[in-house]
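In what follows, a single structure is set out as structure tokens and then discussed.
The figures that follow rest on heavy atoms only: side chains count, while hydrogens, waters and symmetry mates do not.
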Amino acid sequence: MSALSGKVQTVLGLLDPDQLGRTMTHEHLTMSFECCYFPPPLGDEAVAENPFQMQHMHWLRQNPYSCHENLLLQQETGAVRDELLAYRKAGGGTIVENTTTGIDRDLPTLRQLAKDTGVHVIAGAGFYVDCTHTEATKKMSVEKLTDIIVSEVLHGADGTDIRCGVIGEIGTCWPITESEAKVLRASAHAQAQLGCPVIIHPGRNPAAPAEVIRILQEAGGDISKTVMSHLDRTFFDDAELLEFAKLGSYLEYDLFGTEMLNYPYNLDVDMPSDCQRVKALALLVKEGYEDKIVVAHDIHTKNRLTKYGGHGYSHILKNIVPKMLMRGISQHQVDKILIDNPKRWLTFK
Ligand SMILES: CC(=O)NCCS(=O)(=O)O
């Protein structure tokens with residue numbers, strides 16, 4: 001039994017799991033999403049140069065990845081601090097901050113935000129998607145990658161003594177690249193050593209989540225302590241979703257607040273509305289998965305902050321919970337989704 005056993009690890013140290021409270025399991029407080037810049041639609045180049053004006057907010061919501069400045073969440077620490085204070089006021093307790101190597105993780109800022117606001121912040125170990133892997137990372141063995149991830153949890157990351165409390169979000173594309181598969185195996189090995197939570201960013205294809213689970217399982221990972229993120233933009237067929245749910249991971253709907261007509265990374269995808277997300281949660285509850293659901297907003301661009309007219313980190317607590325109750329999810333089940341499931345996932349074995 002390790003010192004971490006039975007505890008949750010935040011950027012300010014170990015915590016008794018009962019202290020977490022309501023938890024968003026997939027957010028970013030400071031990061032860069034420049035790796036995923038997407039050119040604006042033809043003719044919209046001028047708007048993309050200067051979109052932070054009232055008359056352009058709708059454009060920004062529809063094209064969040066087509067403006068370089070919008071991808072620099074790390075420039076908004078003051079606004080994020082205000083948001084976290086509002087999140088606490090709305091009844092929030094904890095945020096899992098999923099920024100990993102490749103998208104500008106900033107652990108000292110996370111620690112300062114946690115100190116300033118009283119929100120518990122849990123940082124992520126490991127690596128994002130292939131295009132952010134350095135040549136050095138791509139050459140590493142699974143053993144070396146495992147050592148790095150284990151060290152980020154046990155000793156601290158990025159040259160600091162600030163320790164990560166989850167592995168992930170571990171980035172994968174579709175198809176999964178060789179380098180991503182190595183990182184997945186390393187994550188499973190690290191999880192087997194540490195008994196810690198893992199969270200995955202799957203590729204944008206309904207086959208991707210199950211393929212990730214297969215790789216993790218073969219490498220000795222604990223699927224019952226693993227969250228599969230972004231199901232909102234990955235499954236569009238109830239039967240496929242329920243088939244995946246049988247594999248035993250936590251099921252995360254984490255793009256609450258994102259409503260857009262054209263999802264640039266996969267134009268075949270019709271991004272669901274929040275109402276459709278709630279409907280998917282109600283289906284999973286009805287089918288017996290209330291102990292497996294977790295939720296979040298995955299804020300990773302500036303336009304989603306309330307400072308810019310966005311929904312902010314309190315949207316689920318303020319607006320989605322009432323909708324869940326209206327659609328037949330009971331208060332007891334809501335508490336499982338917001339409190340009990342994250343707590344169970346985040347507690348080291
Ligand atoms: C930061 C991150 O990976 N967000 C997910 C964006 S996606 O469009 O759902 O892949």
Side-chain angles (χ1 to χ4, degrees), residues 21-29 31 33 57-58 60-62 64-65 70 73 80 83-84 86-99 119 122 168-169 199-202 204 209 227-236 241 250-261 263 265 269-285 289-290 292-329 331 333-339 341-342 345:
R22 294 185 186 84
T23 300
M24 299 296 131
T25 49
H26 195 134
E27 302 294 351
H28 300 271
L29 303 178
M31 67 170 280
F33 206 46
M57 283 306 158
H58 177 71
L60 207 48
R61 267 196 295 279
Q62 295 298 324
Y65 307 120
N70 198 37
L73 190 64
V80 168
E83 291 257 2
L84 291 182
Y87 175 69
R88 260 196 89 186
K89 217 164 162 190
T94 299
I95 281 188
V96 182
E97 214 284 358
N98 280 256
T99 307
V119 172
I122 296 165
E169 59 181 301
I199 181 163
I200 302 294
H201 165 112
R204 300 175 184 99
V227 167
M228 190 58 65
S229 305
H230 312 325
L231 297 190
D232 351 23
R233 55 83 166 142
T234 310
F235 287 117
F236 301 94
L241 170 65
Y250 286 97
L251 307 164
E252 189 176 79
Y253 279 75
D254 53 27
L255 293 165
F256 274 102
T258 299
E259 303 205 355
M260 55 165 56
L261 211 48
Y263 177 59
Y265 305 133
V269 163
D270 282 334
M271 183 62 80
S273 66
D274 279 352
C275 291
Q276 289 168 309
R277 291 185 178 100
V278 170
K279 212 169 169 184
L281 298 187
L283 170 73
L284 288 169
V285 166
Y289 291 103
E290 63 191 48
K292 286 294 181 183
I293 303 168
V294 288
V295 292
H297 312 89
D298 186 18
I299 291 183
H300 53 279
T301 53
K302 290 185 184 186
N303 69 297
R304 297 176 68 194
L305 300 174
T306 52
K307 173 181 172 183
Y308 296 113
H311 53 78
Y313 298 88
S314 305
H315 174 55
I316 289 178
L317 296 180
K318 284 186 163 169
N319 306 314
I320 300 301
V321 167
K323 185 75 184 184
M324 286 160 74
L325 296 169
M326 269 170 68
R327 288 293 174 260
I329 302 176
Q331 185 62 55
Q333 288 160 336
V334 168
D335 289 345
K336 283 187 170 193
I337 293 169
L338 293 178
I339 303 170
N341 299 345
W345 170 56

| Nearest 0.5 Å, what's the NE2-OG1 distance between H311 and T306? | 10.0 Å
| Considering the options H28, E169, H300, which one meets the side-chain hydrogen bond (donor to acceptor under 3.5 Å, both in side chains) requirement together with T99? | H28
| task | Find the distance between OH (Y250) and CD1 (I199) and round it off to the nearest 0.5 Å. | result | 12.0 Å
| Nearest non-hydrogen partners of H26 and A296, listed with the distance | O-CB, 3.1 Å
| query | Is there a side-chain contact between Y313 and L305, using heavy atoms and a 4.5 Å cut-off? | reply | yes
| query | Do V96 and P342 have side-chain heavy atoms sitting under 4.5 Å apart? | reply | no
| Heavy-atom distance under 4.5 Å between the side chains of L317 and L338, does that happen here? | yes
| remark: Scanning both residues in full, the closest heavy-atom pair of Y308 with M57 reads O-SD, 3.4 Å
| message | Is it true that H201 and S229 share a donor-acceptor pair across their side chains at a distance under 3.5 Å? | response | no
| field | Heavy-atom donor-acceptor pair, N303 side chain to G309 backbone, under 3.5 Å | value | no
| Any side-chain heavy-atom pair of H315 and D274 under 4.5 Å | yes
| said: Is there a side-chain contact between V80 and I299 in this structure, where contact means two heavy atoms from C-beta onward sitting under 4.5 Å apart? | reply: no
| message | Contact between V294 and T23 at the side-chain level, heavy atoms closer than 4.5 Å - yes or no? | response | no
| R277 side chain to L255 main-chain N or O, any donor-acceptor pair under 3.5 Å? | yes
| message | Let me confirm one number: the CD-NZ distance from E252 to K292, rounded to the nearest 0.5 Å. | response | 13.5 Å
| task | Please identify each residue that fulfils side-chain hydrogen bond (donor to acceptor under 3.5 Å, both in side chains) with Q276, with sequence neighbours left out. | result | S273
| note | Looking only at heavy atoms, the pair that brings N341 and E290 closest together is ND2-O, 2.9 Å
Report, one line per pair, each donor and acceptor closer than 3.5 Å where one atom sits in a side chain of residues 87-95; sequence neighbours left out.
unit_1: Y87; atom_1: OH; unit_2: R22; atom_2: O; d: 3.3
unit_1: Y87; atom_1: OH; unit_2: M24; atom_2: N; d: 3.4
unit_1: Y87; atom_1: OH; unit_2: T94; atom_2: O; d: 2.8
unit_1: R88; atom_1: NH1; unit_2: T117; atom_2: O; d: 3.1
unit_1: T94; atom_1: OG1; unit_2: L20; atom_2: O; d: 2.7

| Gap separating the CD1 atom of I293 from the CD1 atom of I329, nearest 0.5 angstrom | 6.5 Å
| message | Can you see whether H230 engages D254 through a side-chain donor-acceptor pair at a distance of less than 3.5 angstrom? | response | yes
| Between R233 and V269, which heavy-atom pair has the shortest distance, and what is it? | O-CG2, 3.9 Å
| For D270, does the CG atom sit with more than 12 other heavy atoms under 6.0 Å from it, leaving out its own atoms? | no
| field | I316 CD1 to H297 NE2 distance, which is reported to the nearest 0.5 Å | value | 3.5 Å
| said: Just so I know, are the side chains of L60 and T301 near enough to count as touching, which here means a heavy-atom distance under 4.5 Å? | reply: no
| remark: Value for CG (D298) from CZ (F256), rounded to nearest 0.5 Å, stands at 12.5 Å
| request: Provide the full list of salt bridge (charged side-chain N to carboxylate O under 4.0 Å, His left out) pairs with a residue in residues 299-323, sequence neighbours left out, each pair given once. | output: E69-K302, E76-K302, E76-K307
| query | Is Y253 close to V278 at the side-chain level, that is, under 4.5 Å between some pair of heavy atoms? | reply | no
| said: Just by distance, no angles: are the side chains of Y263 and R204 close enough, under 3.5 Å, to form a donor-acceptor pair? | reply: yes
